[in-house]
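These notes concern the structure reproduced below.
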Amino acid sequence: MREEMQHKKLPPRYDRTCRRLHPSESLSRVREGESHVVRFKTPSEGTTTVADLLRGPITVENTALDDYILLKSDGLPVYHLAAMVDDHLMGITHVLRGSEWLPTFPLHALIFRAFDWEEPVWVHLSVFLNPSGKGKLSKRQAVDPKSGVKAIHVLDLKELAYLPEAVVNWIALMGWSYDDHTELFSMQDLIEKFSFEKLNPSPAAVNYSKLEHFNGVYIRDLPMDELVRRIRPYFTTAGLEAGDDQLLAIAPLIQERIRTLDEAVAIAGFFFREDVEPDAEELLGKNMDAKQSAHAAHRSHEVIAAQSSMDPAIIEPALRDLAQELEITAGQLFGILRLAVTGQKVSPPLIESMEVIGKTKVLERITNAIELLEAQI
RNA sequence: GCCCCCAUCGUCUAGGGGACUAGGACGUGGCCCUUUCAAGGCCAAGACCGGGGUUCGAAUCCCCGUGGGGGCACCA
């Protein structure tokens, strides 16, 4: 069968001009070099029923179907033909694909039937929608915090410092569930527990906050040395020289505080910087003025300097005693020291952090803070 | 416009005629713990899209609306 050159305005479908040509005429016109394509001779009446594992039988009027092109005028097959032949030749038993393929599903089944091939089991999965639930999640969508859209490509997700196991778990639970309460699945669990019956045919909006949650769960579940291995690259990228011993020391301090791996640098970068630069105003203790704060810092310096070790079991009681002596709360005192030592208002546990940083550097940083405070008096 | 698919808390979902006062998770709010932030514990608010049927009985089955999604190439 071949197609005449026609230039109708937006024909909804092929008008079947050449459908009734005798094969011998088609053949001779092809031999004369006439441009042609090969189409599927779709039944002109009746209905076609195809079966999807999740959606049951789907019936369409054959009149709604076109005589689809199978071989293009350049002789190459279109996807519809090529993929079906390929699947058959490879002995594919189950075809799992996105529901956007539903409209061409009848054609695909018809091709199998025309060849008298055994049809595979067809499963049309639900599509992922944007976080807003409006529109299909675009594969090419770039990271866009405004719309809540980040990325869906695994490489992008990795770039965003998500753990592969968290991503797997997250995606597995979109459009599929195991029961009414189990949420954590390793790849091995999924291999064992996955079943077609529990697949959900309705579209699902992606929920990145749930990915964050899973990521936190998996980070907390990591053995310490593994956590070190995973966060190390982010320190390197940030230009911070972090030894494994040091990273191993801080890992327990940050493990339950980070939701993505790159946050390790933001929360713990101060461990590896030569100096910290606390904001002078933030250095003030809660409800305290510069003079009181400077005095507290000064006394802390003396107390810490006097200790034989940076062991938290020794430092913490000493500092608590000091707070009592200064008639301020431990929270007030720790607040000042936190800024002084870490340069941050939010940090890993202070006393433990000081131990990792070491006495010399801690005292240096406190001295620096005292200067900043005294300048404000 | 035409065709197809889908429809339970804001989101992901459990549910497949009575077990539903509709369960879990994320998120949100509150409380506890606490040197900050987290983590953890406890509590709370929060849904069966609407209307008709079927049935002794519907979140569950059927129909019609409505809404959402997808597709209408000599791309894949």
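Within every chain, numbering begins at 1; the chains are lettered A, B, ... in the order of the sequence lines, protein sequences first and strands thereafter. Since the model is a prediction, treat every value here as computed from it, not as a measurement.
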* Which of these nucleotides, U35(B), A39(B), C37(B), is closest to any side-chain atom of V346(A)? -> C37(B)
* Asked: So which nucleotide from G70(B), U35(B), A25(B) ends up closest to the side chain of P103(A)?
  -> G70(B)
* Which one is paired to A19(B), where only Watson-Crick or G-U wobble pairs with both distances under 3.5 angstrom count? -> none
* Asked: Given C12(B), C6(B), U35(B), which nucleotide is nearest the side-chain atoms of L350(A)?
  -> U35(B)
* In the structure shown, which nucleotide is the Watson-Crick or G-U wobble counterpart of C33(B), with both distances under 3.5 Å? -> none
* What is the distance, rounded to the nearest whole Å, between atom CZ of R257(A) and atom C1' of A38(B)? -> 5 Å
* Relative to the ring of W101(A), is the ring of H108(A) parallel (under 30°), tilted (30 to 60°) or perpendicular (over 60°)? -> tilted
* Report which part of the nucleic acid G216(A) touches: base, sugar-phosphate, or nothing (heavy-atom distance under 4.0 Å, all strands). => nothing
* Rounded to whole angstrom, note down the P distance from G18(B) over to A73(B). => 46 Å
* Can a side chain N or O of R220(A) be found less than 4.0 Å away from OP1 or OP2 on G40(B)? -> yes
* Asked: Side-chain N or O of K286(A) less than 4.0 angstrom from OP1 or OP2 on U36(B)?
  -> no
* Within the structure shown, what part of the strands sits under 4.0 Å from H124(A) by heavy-atom distance: base, sugar-phosphate, or nothing? -> nothing
* Asked: How far, in whole Å, is C20(B) from C64(B) if one measures between their C1' atoms?
  -> 27 Å
* Tell me whether the OP1 or OP2 atom of G24(B) has a side-chain N or O from H181(A) closer than 4.0 Å. => no
* Asked: When you compare C6(B) with G65(B), how far apart are their C1' atoms, in angstrom units rounded to a whole number?
  -> 16 Å
* For nucleotides A38(B) and G46(B), find the distance between their C1' atoms and express it as a whole number of Å. => 26 Å
* To do: Flag the pair N169(A) / Y218(A) as yes when at least one side-chain heavy-atom distance between them is below 4.5 Å, and no otherwise.
  => yes
* Asked: At under 4.0 Å between heavy atoms, what does P106(A) touch on the DNA or RNA strands: base, sugar-phosphate, or nothing?
  -> nothing
* If we take the P atom in both C4(B) and A39(B), what is their distance in whole Å? -> 48 Å
* C1'-based separation of G10(B) from G27(B) [nearest Å] -> 8 Å
* Return the nucleotide paired to G10(B): Watson-Crick means purine N1 to pyrimidine N3 with N6-O4 or O6-N4, wobble means G-U with N1-O2 and O6-N3, both under 3.5 Å. => C26(B)
* Taking atom types as they are modelled, is there a donor-acceptor pair under 3.5 Å from the base of C5(B) to the side chain of R55(A)? -> no
* To do: Round to the nearest Å and state the distance from I315(A) atom CD1 to U35(B) atom C1'.
  => 15 Å
* To do: Tell me which nucleotide among A14(B), C5(B), U13(B) gets nearest to the side chain of A204(A).
  => U13(B)
* Select base, sugar-phosphate, or nothing to describe what W176(A) touches, counting heavy atoms under 4.0 Å on all strands. => nothing
* To do: Would you indicate whether the side-chain heavy atoms of T329(A) and Q332(A) approach each other to under 4.5 Å?
  => yes
* What integer distance in Å separates Q255(A):CD from C37(B):P? -> 20 Å
* **Nucleotide paired to G65(B) in any strand shown, Watson-Crick or G-U, under 3.5 Å** => C49(B)
* Asked: Do the side chain of S99(A) and the base of C5(B) come within less than 3.5 angstrom through a donor-acceptor pair of N or O atoms?
  -> no
* To do: Remember a base hit wins even if backbone is also touched, and classify V60(A) as base, sugar-phosphate or nothing at under 4.0 Å, heavy atoms.
  => sugar-phosphate
* Can you tell which of G24(B), G27(B), U35(B) lies closest to the side chain of R259(A)? -> G27(B)
* Asked: What's the closest nucleotide to the T104(A) side chain, out of C74(B), G70(B), A76(B)?
  -> A76(B)
* Asked: Which of these nucleotides, U11(B), C5(B), A76(B), is closest to any side-chain atom of A205(A)?
  -> U11(B)
* To do: Would you indicate what E197(A) reaches in the nucleic acid, counting non-hydrogen atoms under 4.0 angstrom: base, sugar-phosphate, or nothing?
  => nothing
* Structure fact -> When rounded to whole Å, the CD1 to C1' distance for the pair I58(A) and C5(B) reads 7 Å
* Asked: Does S177(A) make a side-chain N or O approach to OP1 or OP2 of A14(B) shorter than 4.0 Å?
  -> yes
* To do: Kindly state whether the ring of F105(A) and the ring of H124(A) have centres lying under 6.0 angstrom apart.
  => yes
* Which whole number of Å gives the distance between the C1' atom of C74(B) and that of G70(B)? -> 23 Å
* Asked: What is the ring orientation for Y208(A) with W170(A), classed by angle as parallel under 30°, tilted 30 to 60°, or perpendicular over 60°?
  -> tilted
* Asked: How far does the C1' atom of G51(B) sit from the matching atom of G67(B), given to the nearest Å?
  -> 15 Å
* Structure fact -> Which of C26(B), G23(B), U35(B) is nearest the side chain of K210(A)? It is C26(B)
* Asked: Using a cut-off of 4.0 Å on non-hydrogen atoms, how would the nucleic acid contact of S347(A) be classed: base, sugar-phosphate, or nothing?
  -> base
* **Opposite nucleotide pairing with A59(B), Watson-Crick or G-U, both atom distances under 3.5 Å** => none
* Give K198(A) one of three labels, base, sugar-phosphate or nothing, depending on what nucleic acid heavy atoms sit under 4.0 Å from its own. => sugar-phosphate
* So, do F272(A) and F270(A) have ring centers that fall under 6.0 Å from each other? -> no
* To do: Give the minimum heavy-atom separation between L222(A) and E165(A), together with the two atoms involved.
  => CD1-OE2, 4.1 Å
* Structure fact -> Separation of C72(B) atom C1' from I69(A) atom CD1, nearest Å, is 14 Å
* Compare side-chain N and O positions of R320(A) against OP1 and OP2 of U35(B) and report whether any pair is under 4.0 Å apart. => yes
* To do: Would you mind classifying the nucleic acid contact of L337(A) as base, sugar-phosphate or nothing, using non-hydrogen atoms under 4.0 angstrom?
  => nothing
* To do: Grab the CG-P distance between N200(A) and G15(B) for me, whole Å please.
  => 9 Å
* Asked: With a non-hydrogen cut-off below 4.0 angstrom, is G135(A) in contact with a base, only sugar-phosphate, or nothing?
  -> sugar-phosphate
* To do: Can you label the angle between the Y178(A) ring and the W176(A) ring as parallel, tilted or perpendicular, going by 30° and 60°?
  => tilted
* May I have the distance from L173(A) (atom CG) to C12(B) (atom P), rounded to whole angstrom? => 12 Å
* Structure fact -> Side-chain contact check for S209(A): nearest option of C26(B), G69(B), A38(B) is C26(B)
* Asked: Under the side chain to side chain contact (heavy atoms under 4.5 Å, CB included) criterion, do L70(A) and I111(A) qualify, and how do the steps go?
  -> CA-CA 10 Å; L70(A) 261 21; I111(A) 289 174; 4.2 Å; yes
* Asked: So which nucleotide does U54(B) pair with, by the Watson-Crick or G-U wobble rule with both distances under 3.5 Å?
  -> none
* Residue P349(A), side-chain atoms from C-beta onward, closest of U36(B), A14(B), A25(B) -> U36(B)
* Is C72(B) paired to anything, Watson-Crick or G-U wobble with both distances less than 3.5 Å, and if yes, which nucleotide? -> G1(B)
* Find the distance L129(A):CG to U11(B):C1' and express it as a whole number of Å. => 11 Å
* Asked: What orientation do H80(A) and Y68(A) show, parallel under 30°, tilted 30 to 60°, or perpendicular over 60°?
  -> tilted
* Asked: Is the phosphate of C37(B), meaning OP1 or OP2, less than 4.0 Å from a side-chain N or O of R338(A)?
  -> no
